[in-house]
Amino acid sequence: MEAAAIFISVLLYAPYLIYLIVFIAIKKLSSRHRLAVSSGINITTPFLIGSVYFLILFIWDISMLWMISLIIASIGIMAAFYIRSKKDDFTFGHILKSTWRLSFLIFFMIHFTLVIAGTALAVYKSLL
């Protein structure tokens, strides 16, 4: 049971590791770079979102699940408006795919920022 908890915590704190594992595995199996990148992004996104949630929870001891949901919904709305401005007709699948990819990009930046902020805050607290 303890090994499972350690494994899950590593997956939540190291989504970049998940991306690398998926990328390398798909690249070896299919030899298609674009498919490997796409699969890595698609599989890593929920781990990034979970990681951001838990980093905020551990750094500031507050739950921001509502804010994360609001960010994802806002990304979806912006993607829908952008796709609608470029095309006369759009499909739900296209909006969902765009939202998922933009979520990866935004949560990647948030995760990176939170790791730096959490480390700086931990160092600051240890010096006091």
Side-chain angles (χ1 to χ4, degrees):
M1 186 66 179
E2 189 175 313
I6 291 171
F7 180 71
I8 290 171
S9 66
V10 167
L11 292 181
L12 285 175
Y13 287 116
Y16 312 116
L17 181 65
I18 295 168
Y19 175 81
L20 280 174
I21 291 169
V22 170
F23 176 80
I24 291 169
I26 299 294
K27 183 80 171 177
K28 292 282 185 191
L29 292 173
S30 71
S31 298
R32 293 173 41 200
H33 184 78
R34 188 179 196 121
L35 177 66
V37 170
S38 175
S39 298
I41 288 172
N42 290 337
I43 292 171
T44 305
T45 302
F47 290 102
L48 271 171
I49 294 169
S51 180
V52 165
Y53 171 75
F54 283 111
L55 280 170
I56 291 171
L57 188 64
F58 291 143
I59 293 172
W60 291 292
D61 199 27
I62 54 173
S63 174
M64 294 294 257
L65 190 60
W66 64 274
M67 183 64 77
I68 291 172
S69 301
L70 188 64
I71 289 171
I72 294 171
S74 299
I75 292 169
I77 291 168
M78 288 186 295
F81 279 121
Y82 180 77
I83 291 168
R84 179 70 175 136
S85 72
K86 295 294 180 186
K87 297 181 180 180
D88 289 334
D89 189 29
F90 58 92
T91 61
F92 180 71
H94 191 73
I95 293 171
L96 190 61
K97 183 178 178 181
S98 298
T99 302
W100 197 247
R101 298 285 172 87
L102 285 171
S103 294
F104 173 82
L105 180 65
I106 289 171
F107 281 99
F108 173 81
M109 291 185 291
I110 292 171
H111 184 269
F112 187 74
T113 304
L114 284 173
V115 167
I116 292 172
T119 304
L121 192 60
V123 168
Y124 176 75
K125 283 182 180 180
S126 71
L127 293 176
L128 291 179

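Worth saying up front: this structure is predicted, and the values here are computed from it rather than measured.
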Quiz item: Among the clusters formed by ILVMFWY side chains lying less than 4.5 Å apart, do F112 and F23 turn up in the same one?
Solution: yes

Quiz prompt | Closest non-hydrogen atom pair between L35 and S30, with its separation | solution = CD2-OG, 3.7 Å

Exercise. Specify the closest pair of heavy atoms between S38 and R101, including all atoms of both residues, with the distance to one decimal.
Key: OG-NH2, 2.7 Å

Quiz item: Is F92 linked to Y82 within one hydrophobic cluster, defined over Ile, Leu, Val, Met, Phe, Trp and Tyr using a side-chain heavy-atom separation of less than 4.5 Å?
Solution: no

Self-check item: From CD1 (I59) to CG (L114), nearest 0.5 Å
Solution: 5.0 Å

Quiz item: In the single-linkage hydrophobic clustering (I, L, V, M, F, W, Y; side-chain heavy atoms under 4.5 Å), do L29 and I24 co-cluster?
Solution: no

Quiz item: Counting distance only, does the side-chain N/O of S126 pair as donor-acceptor with the main-chain N or O of V123 below 3.5 Å?
Solution: yes

Quiz item: Do F47 and L17 touch side chain to side chain, with heavy atoms closer than 4.5 Å?
Solution: no

Quiz item: Counting N and O atoms only, with roles assigned by atom type, does the side chain of W100 sit under 3.5 Å from a partner on the main chain of N42, one being a donor and the other an acceptor?
Solution: yes

Quiz item: Mind checking what makes side chain to side chain donor-acceptor pair (under 3.5 Å) contact with Y19, not counting sequence neighbours?
Solution: none

Quiz item: Can you name the closest pair of heavy atoms from S98 and I83 and give their distance?
Solution: OG-CD1, 3.5 Å

Quiz item: In terms of hydrophobic clusters joined by side-chain contacts under 4.5 Å, are V115 and Y124 together?
Solution: no

Exercise. Working to the nearest 0.5 Å, report the span between CD1 of I68 and CD1 of I106.
Key: 12.5 Å

Exercise. Indicate the atoms forming the closest heavy-atom contact of T99 with I75, along with that distance.
Key: O-CG2, 3.8 Å

Practice problem: Give a yes or no on whether the ring-centroid distance for H111 and F54 is below 6.0 angstrom. | Solution: no

Quiz item: Hey, quick one: are L65 and L70 part of the same hydrophobic cluster, counting side-chain heavy atoms closer than 4.5 Å, chains of contacts allowed?
Solution: yes

Quiz item: Is there side-chain contact between M109 and F107, with heavy atoms separated by less than 4.5 Å?
Solution: no

Quiz item: CG of L55 to CD1 of I110: how many Å apart, nearest 0.5 Å?
Solution: 11.0 Å

Quiz prompt | Shortest non-hydrogen contact between T45 and S103, atoms and distance | solution = CG2-CB, 4.3 Å

Quiz item: Which atom names give the shortest non-hydrogen contact between L102 and A79, and what distance separates them?
Solution: CD1-CB, 4.4 Å

Quiz prompt | Distance-only polar pair, side chains of T44 and Y16, donor-acceptor under 3.5 Å | solution = no

